[in-house]
Amino acid sequence: FRKSVQDLIESRLRAIVAGVAAAEVTVYENTFSSRASIADLRKIEGGKECKRRWAKREEELSVEIKKGAVTCEFATPVRGDSPGPDHHLEVQATVSNEVPKSLRDKVFVSISVRNNQSARYELRIVPGTRAWEVRRQPEAQGFPLTGSEQTIAGLGKVNRLSLQAFGDSITAAVNGKKLVDGMPDSGAAEVEGRRTTIAFGTDGDAKERIGARFDDLRVRIPSP
């Protein structure tokens, strides 16, 4: 009896410790409720072929690709004070259902943490095929992780992307479904970027305008 009570106490203590370790603090949130809110994001890729605007009725960030094989990438205001910061990025993304059939397996939305010109962890989904990837730059054994997940909503529907890099542990999820759960990366120190970003792009050559919308953007860090 004493042993069972002790085991129960130890189990509860472990649960409390785990809960404390998992606690997070939101350091940035953007619900795009005003036109001014879209100015928080800085374009770092895409150039003139990417156009952003405030979708007033939906109160969302609208991103449009005019033509070509382009990635429209935007950095949030959250930037680490040192290389390889612990960040958890979440956003809602909806790719327009007006994407041509020829591009439906090539149009994606993505989020990244520890991002710079030569480094990042990235979660990318292709709503048209329900495919996903977790990428790492620089490349390393075990990456990219790929798969197909029915939880990923199709074109014209909302997907919630989540990517967390805490220490050497990587977790990625879509619509609450974990695709990668605490995967260790022994070379995590190589991924030394400081930015958090969201992106909309196509690997195919768009002949006409295609678009996506973003909402409920949040960046969290481990609770002190």
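What you see is a predicted model, and the numbers here were worked out from it, not measured in a lab.
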Item to check | Test log, rule side-chain hydrogen bond (donor to acceptor under 3.5 Å, both in side chains), inputs His88 and Glu24 | outcome: CA-CA 9 Å; His88 181 184; Glu24 299 178 18; 2.8 Å; yes
Checklist entry - Is there a side-chain contact between Asn159 and Ile152 (heavy atoms, below 4.5 Å)? => result yes
Next on the checklist: Applying the salt bridge (charged side-chain N to carboxylate O under 4.0 Å, His left out) criterion to Asp203, which one of Lys106, Arg104, Arg124 satisfies it?
Outcome noted: Arg124
Item to check | Stepwise side-chain contact (heavy atoms from CB on, under 4.5 Å) test for Arg135 and Leu123 | outcome: CA-CA 6 Å; Arg135 299 181 169 196; Leu123 168 61; over 6 Å; no
Next on the checklist: I want to check something: taking the side chain as every heavy atom from C-beta on, are His87 and Gln164 in contact at a cut-off of under 4.5 Å?
Outcome noted: no
Checklist entry - Does Leu89 reach the side chain of Ser162, with side-chain heavy atoms less than 4.5 Å apart? => result no
Checklist entry - Can you find a heavy atom in the side chain of Lys67 that is under 4.5 Å from one in the side chain of Arg209? => result no
Checklist entry - Tyr121 ring centre to Arg114 NZ or CZ under 6.0 Å, with the angle to the axis within 45°? => result no
Checklist entry - Does the side chain of Ile210 come within less than 4.5 Å of Pro100's, by heavy atoms? => result yes
Which pairs of donor and acceptor atoms, one on a side chain in residues 68-78, lie under 3.5 Å apart (sequence neighbours left out)?
| unit_1 | atom_1 | unit_2 | atom_2 | d |
| --- | --- | --- | --- | --- |
| Glu73 | OE2 | Asn115 | ND2 | 3.1 |
| Glu73 | OE2 | Arg120 | NH1 | 3.1 |
| Glu73 | OE2 | Thr197 | OG1 | 2.8 |
| Thr76 | OG1 | Val78 | N | 3.1 |
| Thr76 | OG1 | Thr196 | OG1 | 2.5 |

Checklist entry - What is the distance from atom CD1 of Ile170 to atom CG of Leu179, rounded to the nearest 0.5 Å? => result 13.5 Å
Checklist entry - What distance do Ser112 atom OG and Arg195 atom CZ have between them, rounded to the nearest 0.5 Å? => result 8.0 Å
Checklist entry - Can you find a heavy atom in the side chain of Asp86 that is under 4.5 Å from one in the side chain of Ile221? => result no
Checklist entry - Does Tyr28 reach the side chain of Asp40, with side-chain heavy atoms less than 4.5 Å apart? => result yes
Next on the checklist: Nearest 0.5 Å, please: how far is CZ in Arg160 from CD in Gln92?
Outcome noted: 5.0 Å
Checklist entry - Could Glu122 and Arg136 be called an ion pair, given the rule that one side-chain N must be under 4.0 Å from one carboxylate O? => result no
Item to check | From NZ (Lys43) to NZ (Lys48), nearest 0.5 Å | outcome: 10.0 Å
Checklist entry - Short question: side chain of Asn30, backbone of Ser37 - any donor-acceptor pair under 3.5 Å? => result yes
Item to check | Verdict with supporting geometry, Val180 and Trp132, side-chain contact (heavy atoms from CB on, under 4.5 Å) | outcome: CA-CA 11 Å; Val180 178; Trp132 63 270; 4.2 Å; yes
Checklist entry - Between Glu133 and Phe108, is a side-chain contact (heavy atoms from CB on, under 4.5 Å) present by the stated rule, with each step listed? => result CA-CA 10 Å; Glu133 285 186 278; Phe108 62 87; over 6 Å; no
Checklist entry - Would you call Leu161 and Glu90 a side-chain contact if the rule is heavy atoms closer than 4.5 Å? => result no
Item to check | Spacing of CG belonging to Leu61 relative to CZ belonging to Arg52, to within rounding of 0.5 Å | outcome: 7.5 Å
Checklist entry - Taking NZ, NE, NH1 and NH2 as the nitrogens, is one of them in Asp205 or Lys207 under 4.0 Å from a carboxylate oxygen of the other? => result yes
Next on the checklist: Run the side-chain contact (heavy atoms from CB on, under 4.5 Å) test against Thr26 and tell me which residues pass, sequence neighbours left out.
Outcome noted: Glu29, Arg220
Checklist entry - To the nearest 0.5 Å, how far apart are CG in Leu103 and OG1 in Thr202? => result 4.5 Å
Next on the checklist: Assess the residue pair Val107 and Phe200 against the criterion (side-chain contact (heavy atoms from CB on, under 4.5 Å)); give the C-alpha distance rounded to whole Å, side-chain angles, the decisive distance to 0.1 Å, and a yes or no.
Outcome noted: CA-CA 8 Å; Val107 172; Phe200 167 56; 3.4 Å; yes
